Each structure stands twice: as structure tokens, then as C-alpha cells.
Amino acid sequence: MGNNELNRFLKLPKFAKYIIIVASGKGGVGKSTIALNLALTFQCLKMKVGLLDADIYGPSLPKLLNKNVKPEIKNKSFLPIDVKGIKTMSIGYLIPEETPNIWRGPMVIKAVTQLLRDVSWGELDILIIDTPPGTGDVQLTISQKIDVSGAIIITTPQELSLLDVKRGINMFRKVNLQILGLVNNMSYYICDKCEKKHYIFGKQLSHELTNSFDIEILGELPISKDLIKSHDIEHPIIKQKQSDIIFKSFFDICQKVLNKITV
Ligand code: ADP
């Protein structure tokens, strides 16, 4: 095996106690929104949190946080951008937004490796990594380069996205990545009048997925305008509405994840 080939399989030094991948079968299911809110919830649990936007083809963190900044470089490493105590890094901070769309294999692997290797995170309890939809070079590189505690898969209840999820589950299993569970986003809405949950797409499809793949549903989140605004980092939803169903759902998801990764 040549040096280059060998390097591909050498793990990078550990920079967080726990590292979690947030993944989805396809785009637009709320993956980035949930990754950000998970980071905020872990912070509420008094953990030191990092959030890495590794969605190379469409980084959304700078836009979500409304941060148009360039990270400083110190001792040849990028310093993460501090957002209300959460350390964040995104390819979107480093290069123009449209550039990565045309990147393929080796360029993507190089960029991800750099994001993993050349950021001074300091001491982190947990790093959340938001990955591109689908399963490809980014997920593969991450699983080869660092010890990942597990992956959380975000889905919506429509059949099409569940098919994509099935594909993703198989791929994660092939690279020996533990799947911590599914978050079923936009799975119901709460009626203003009767205040009850309405499962507009039914519950059947996600049950089918958990049964056939033996995967736990970590939580379900409603379609809610509060979640659309949840990137308002000055007034994060999970810090404002301590009694709200959304806060409880995120708190529950994080507790279940911690129970799994800390054993
Ligand atoms: P992805 O990262 O999967 O592409 P995003 O997190 O960017 O998805 O979310 C896509 C859009 O859906 C955004 O406009 C976001 O505000 C919205 N969204 C996400 N989750 C919900 C939800 N539970 N209810 C309503 N809108 C949501």
C-alpha cells in the first residue's frame, strides 16, 4: 500500500468526546435546521458544542446564522466562528458559495479532510456534523478519518424520502457507522383550534422503516412556523419556550442520543 493510500485510512487525533453525523436521504427535509437545534439543545445540557457544516455542495450554516465572516488562521489552523458559545465552521465561511457545486471526488475528499484536520476546536464535548444529503464521498471520508459516535438520520414521512433513507441506512452500515436513530421531521401539525396532533401523512411508513431496519425513532417534530424561524440564533426556539413541544422533542432526542453514545 502506497503512502497516499495508507493516509486515507489513518485516523485523525480525537478532538471531541463525541462526534455525531446528521444525515438525510435527500435535501430539504430539515437536516440543517435540526443539526443547529440539536447543537443548541446540547448546549442547554451544559455541554461544550461544536457544529461543523460539512455540506460541501450546499453549505447553509453561514446563511442560517446570517454570518458573513472569514475565520482567522492561527498556527496554520482555522479558528472556529463563535456563535453564542457554539463553535461553528463551514466550507461556506472559506470559499464563495457557488464554488463547491462543481467539485467531485478528490476535491471533496481534500476539502472534508481539511475541515476535519485544520480547525482548532479547543476542547469539545460534542461535535455535530451536518453532511450533504445522500451518501457519498463526504460521509465516507468522515467515517474513515475520525471516530464517529454515530449518525442521526432525518426524514420526512413521505414515501420518497423513506426510500432515500433506506439507501442511506445500507450505506452507513457498509462503512460500519452506528445509526443512532431516525428523527421524523414535519410528521404532524398541531391544529390551532383543537390543539391536537394531526398526522397528515399517517404513521405507517416510519413504522415500516423501524420494523424492517430495526432502527429507533428518536423523535418526531411538527410542521411549525417556529421551526422555520428557528435559525434566529438571537432568540433560539429551544431556549425561549421551555415548555413547548418542540423544546421537549429536542431535549428527548438529545437524551436518547446521549444514552446511546455514552455507554
Ligand atoms: P435540509 O438541510 O435538509 O436541506 P433545511 O434545514 O435547510 O433542510 O430545511 C429546509 C426548509 O424547511 C427550511 O426553510 C426550513 O426552515 C424548513 N423546515 C425545516 N423543518 C421544518 C419544520 N419542522 N416545520 C416547518 N418548516 C421546516
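Treat the numbers as computed from the prediction; the structure is a model and nothing was measured.
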Item to check | Between CD1 on residue Ile217 and OG on residue Ser187, distance to nearest 0.5 Å | outcome: 8.5 Å
Checklist outcome for this item: On a heavy-atom basis, the closest approach of Gly27 and Pro133 is N-CB, 3.5 Å
Checklist entry - What's the shortest heavy-atom distance between Ser143 and Leu177, and which atoms? => result CB-CD1, 3.8 Å
Next on the checklist: Does this structure show an ion pair linking Asp125 with Lys46, if we count only N-O contacts that are shorter than 4.0 Å?
Outcome noted: no
Next on the checklist: Before we go on, tell me: are the rings of Tyr189 and His198 under 6.0 Å apart, centre to centre?
Outcome noted: yes
Checklist entry - Can you name the closest pair of heavy atoms from Ser32 and Leu64 and give their distance? => result CB-CD1, 3.9 Å
Next on the checklist: Quick check on Gln178: does its CD atom have over 12 non-hydrogen neighbours (other residues, nucleotides or ligands) under 6.0 Å away?
Outcome noted: yes
Next on the checklist: Test your reading of the model: is there a side-chain donor-acceptor pair from Ser120 to the backbone of Gly122, 3.5 Å cut-off?
Outcome noted: no
Checklist outcome for this item: Of all heavy-atom pairs linking Leu115 and Ser90, the shortest is CD2-C, 4.5 Å
Next on the checklist: Are Ile179 and Ile169 packed together at the side-chain level, in the sense that at least one heavy-atom pair is separated by less than 4.5 angstrom?
Outcome noted: yes
Next on the checklist: Are Cys254 and Leu38 packed together at the side-chain level, in the sense that at least one heavy-atom pair is separated by less than 4.5 angstrom?
Outcome noted: yes
Checklist entry - Can you name the nearest heavy-atom pair linking Asn185 to Gly30, along with the distance? => result ND2-CA, 3.6 Å
Checklist entry - Heavy-atom distance under 4.5 Å between the side chains of Tyr93 and Lys70, does that happen here? => result no
Checklist entry - Is there a side-chain contact between Leu52 and Leu127, using heavy atoms and a 4.5 Å cut-off? => result yes
Checklist entry - Heavy atoms, side chains only, cut-off 4.5 Å: are Asp55 and Leu61 in contact? => result no
Item to check | pair Asp147-Ile19: side-chain heavy atoms closer than 4.5 Å | outcome: no
Checklist entry - Roughly how far, to the nearest 0.5 Å, is CD of Glu220 from CD1 of Ile245? => result 8.5 Å
Checklist entry - Should we count CG of Asp82 as having more than 12 external heavy atoms under 6.0 Å? => result yes
Item to check | side chain to side chain contact (heavy atoms under 4.5 Å, CB included) assessment of Tyr57 paired with Val108 | outcome: CA-CA 9 Å; Tyr57 308 102; Val108 171; 3.5 Å; yes
Checklist entry - Is a side-chain N or O of Thr131 found less than 3.5 angstrom from the main chain of Val22, in a donor-acceptor match? => result yes
Checklist entry - Charged N to carboxylate O below 4.0 Å: is that the case for Lys31 and Asp130? => result yes
Item to check | N/O donor-acceptor pair under 3.5 Å between Gln139 side chain and Ala23 backbone | outcome: no
Item to check | Pair Leu258-Met47, side chain to side chain contact (heavy atoms under 4.5 Å, CB included): steps then yes or no | outcome: CA-CA 11 Å; Leu258 285 177; Met47 296 179 85; 3.9 Å; yes
Next on the checklist: Which label fits Tyr188 and Tyr199: parallel for a plane angle under 30°, tilted from 30 to 60°, or perpendicular past 60°?
Outcome noted: tilted
Next on the checklist: Quick check for you: to the nearest 0.5 Å, what is the distance between Cys44 atom SG and Phe42 atom CZ?
Outcome noted: 11.0 Å
Next on the checklist: If you compare all heavy atoms of Ser60 against all heavy atoms of Asp53, which two are closest, and at what distance to 0.1 Å?
Outcome noted: N-OD2, 3.0 Å
Next on the checklist: Can you tell me how far apart CG (Leu182) and CG (Asn184) are? Round to the nearest 0.5 Å.
Outcome noted: 7.0 Å
Checklist entry - Does the Lys197 side chain pair with the main chain of Ile190, one donor and one acceptor, at a distance under 3.5 Å? => result no
Next on the checklist: Nearest 0.5 angstrom please: Ser24 OG to Ile154 CD1, how far?
Outcome noted: 7.5 Å
Checklist entry - Are Val69 and Leu79 connected in a single hydrophobic cluster, I mean Ile/Leu/Val/Met/Phe/Trp/Tyr linked by side-chain heavy atoms less than 4.5 Å apart? => result no
Checklist entry - Is the closest side-chain heavy-atom distance between Val148 and Ile20 below 4.5 Å? => result no
Checklist entry - In Å and rounded to the nearest 0.5 Å, what is the CH2 to CG distance from Trp121 to Leu116? => result 9.0 Å
Checklist entry - Charged N to carboxylate O below 4.0 Å: is that the case for Lys17 and Glu123? => result no
Next on the checklist: What verdict does the side chain to side chain contact (heavy atoms under 4.5 Å, CB included) test give for Leu65 and Thr88, after you've listed the backbone C-alpha separation in whole Å, the side-chain angles of each residue and the deciding distance to 0.1 Å?
Outcome noted: CA-CA 10 Å; Leu65 300 173; Thr88 69; 4.1 Å; yes
Checklist entry - Considering residues, nucleotides and ligands other than Asn68, do more than 12 of their heavy atoms fall under 6.0 Å from its CG? => result no
Item to check | Side chain proximity check, Phe250 to Ile34, heavy atoms < 4.5 angstrom | outcome: yes
Item to check | Audit row: Val257, Tyr18, side chain to side chain contact (heavy atoms under 4.5 Å, CB included) steps and yes/no | outcome: CA-CA 10 Å; Val257 167; Tyr18 309 109; over 6 Å; no
